Student: 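Got a structure here, written out as structure tokens. Questions coming.
A note on names: the letters A, B, ... follow the listed sequences, proteins ahead of strands, and every chain is numbered from 1. Because the structure is predicted, anything quoted here is derived from the model rather than measured. When reading the values below, keep in mind they use all heavy atoms of this one structure, side chains included, and skip hydrogens, waters and symmetry mates.
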Protein chains: 2
Amino acid sequence: MILEKKKTFNDFAASKGLRSTRQRDIILDIFLSTHEHISVEELYLKVKSSNPGIGHATVYRTLKLFAEAGLAREILLHDGQTRYEHVVKGEHHDHLVCTGCNSIIEFEDETIEKLQSEIAARHGFLINSHKMEIYGLCANCRR
Amino acid sequence: MILEKKKTFNDFAASKGLRSTRQRDIILDIFLSTHEHISVEELYLKVKSSNPGIGHATVYRTLKLFAEAGLAREILLHDGQTRYEHVVKGEHHDHLVCTGCNSIIEFEDETIEKLQSEIAARHGFLINSHKMEIYGLCANCRR
DNA sequence: CGATATAATGAAAATGAATTTCAAAAGCAT
DNA sequence: ATGCTTTTGAAATTCATTTTCATTATATCG
Ligand SMILES: [Mn+2]
Ligand SMILES: [Mn+2]
Ligand SMILES: [Zn+2]
Ligand SMILES: [Zn+2]
């Protein structure tokens, strides 16, 4: 499925007339090797540790491309850092965000998604994406 | 209900031992006179037009107090500006955000809220707040 | 192949929202 | 009023992100 994502990006790049570069390959490899919800800075540091030459701006630019290509999702929590997570085709999830330890629990709820569609339809609204975050304390942090 | 909010803030201020200042009164008045989801900068400009002396920092600081006092809610959309909206006691709503014209449609859905609680409970998670934003095109912008 | 055109990169500068600093002003208890 | 503490506002600072622009790399074409 890593190969699949690489193909997704290559197809996207081709369709956009983007050139294939060593930097984008490296950043994609490293992004795909991560899990969780990684901040741009975190990814940049990972990238730099094996490829000191790659610059800040390239990482920012490339992650935007990944999001555009549909293989990454931008996540804005309340800490002033943009994060990215993997997009799994045909899947969607939302987040329980613990304000105690910053951990994130993912969940999906088919019923909520359906209700969202109904609400949008009721307003003549065409959904492109949505985000839902529940903030509070995880089981560990509760006491 | 404007008086009620002022009382809410005064009680909050009293309980926190905050001093009552001309600036906070003015900013509260102007905030309460606004509608929609106003950015800090927008509010600052409004404030400054009638009270040129009031500074940027004070507006930022005061809005945080309003949020803490429970009469304003901070909203982060995807435009890099923090916005604030009024909190109506006992009410909650979420947002349909049009990426075409930046308009916002508010909605409430009791069932979704209930499902959120269930999900949280299932994970032993204690909800403090949540946000749900649906992005897309409003009826006007669709075609 | 080269040569040429154009896109991508990266270091550094710029931007912009938000926060901090700190001296002066204002509020409050006595 | 006095003295103590909080608040204010201008300016400086921070910090993430974007932009600039000279250089380098990639793709295309003869
Ligand atoms: Mn996730
Ligand atoms: Mn609203
Ligand atoms: Zn936690
Ligand atoms: Zn619209």
Student: Measure from the side-chain heavy atoms of B:Thr82 and tell me the nearest of C:dA18, C:dA11, D:dA16.
Tutor: C:dA18
Student: Is the shortest side-chain N/O distance from B:Thr21 to OP1 or OP2 of D:dT8 below 4.0 Å?
Tutor: yes
Student: Rounded to whole Å, please give me the gap between NZ in A:Lys16 and P in C:dA8.
Tutor: 11 Å
Student: Only one of B:Arg24, B:Arg22, B:Lys6 clears salt bridge (Lys or Arg N to Asp or Glu O under 4.0 Å) with B:Asp29; which?
Tutor: B:Lys6
Student: Looking only at side-chain atoms of A:Lys64, point me to the closest of D:dT18, C:dT21, C:dC28.
Tutor: D:dT18
Student: Anything under 30° is parallel, anything over 60° is perpendicular, the rest tilted; go ahead and classify A:His93 against A:His37.
Tutor: perpendicular
Student: Going by atom types alone, do A:His86 and A:Glu91 pair a side-chain donor with an acceptor below 3.5 Å?
Tutor: no
Student: What is the separation between atom CD on A:Gln81 and atom P on D:dT18, rounded to the nearest whole Å?
Tutor: 13 Å
Student: Are A:Ile105 and A:Val88 connected in the hydrophobic side-chain network, where two residues link if heavy atoms are under 4.5 Å apart?
Tutor: no
Student: Roughly how many Å is it from NE2 in A:His78 to P in C:dT19, rounded to a whole number?
Tutor: 13 Å
Student: Please report the distance, rounded to the nearest Å, between CG in B:Leu63 and P in C:dA17.
Tutor: 15 Å
Student: B:Arg19 side chain: which of D:dG9, C:dG27, C:dA18 is closest?
Tutor: C:dG27
Student: Any carboxylate oxygen within less than 4.0 angstrom of a Lys/Arg side-chain nitrogen, looking at A:Glu36 and A:Arg83?
Tutor: no
Student: May I ask you to say what A:Glu41 touches in the nucleic acid, namely base, sugar-phosphate or nothing, with a heavy-atom cut-off under 4.0 Å?
Tutor: nothing
Student: Should B:Arg22 be listed as having a side-chain N or O under 4.0 Å from OP1 or OP2 of D:dT8?
Tutor: no
Student: Where the side chain of B:Gln23 is concerned, which of C:dA18, D:dT26, D:dG9 is the nearest nucleotide?
Tutor: D:dG9
Student: Rounding to an integer number of Å, can you tell me how far A:Glu42 CD sits from D:dT17 C1'?
Tutor: 16 Å
Student: If you find the nucleotide of DNA chain D closest to A:Asp79 and the one closest to B:Ala57, which residue's nucleotide is nearer the 5' end?
Tutor: B:Ala57
Student: Within the 4.0 Å heavy-atom criterion, would you say A:Gly17 contacts the bases, only the backbone, or no part of the nucleic acid?
Tutor: nothing
Student: Starting at CZ of B:Arg24 and ending at P of C:dG27, how long is that distance when rounded to a whole Å?
Tutor: 11 Å
Student: By nearest atom, which of the nucleotides D:dT17, C:dA18, C:dT20 is closest to the B:Tyr60 side chain?
Tutor: C:dA18
Student: Rounded to the Å, how far apart are A:Ile26 CD1 and C:dA8 P?
Tutor: 16 Å
Student: Assess whether one donor atom and one acceptor atom, taken from the side chain of B:Arg61 and the base of D:dG9, lie less than 3.5 Å apart.
Tutor: yes
Student: Check the distance between D:dT17's C1' and A:Tyr44's OH and give it to me in whole angstrom.
Tutor: 14 Å
Student: Has A:Ser20 got a side-chain N or O lying under 4.0 Å from the OP1 or OP2 atom of D:dA27?
Tutor: yes
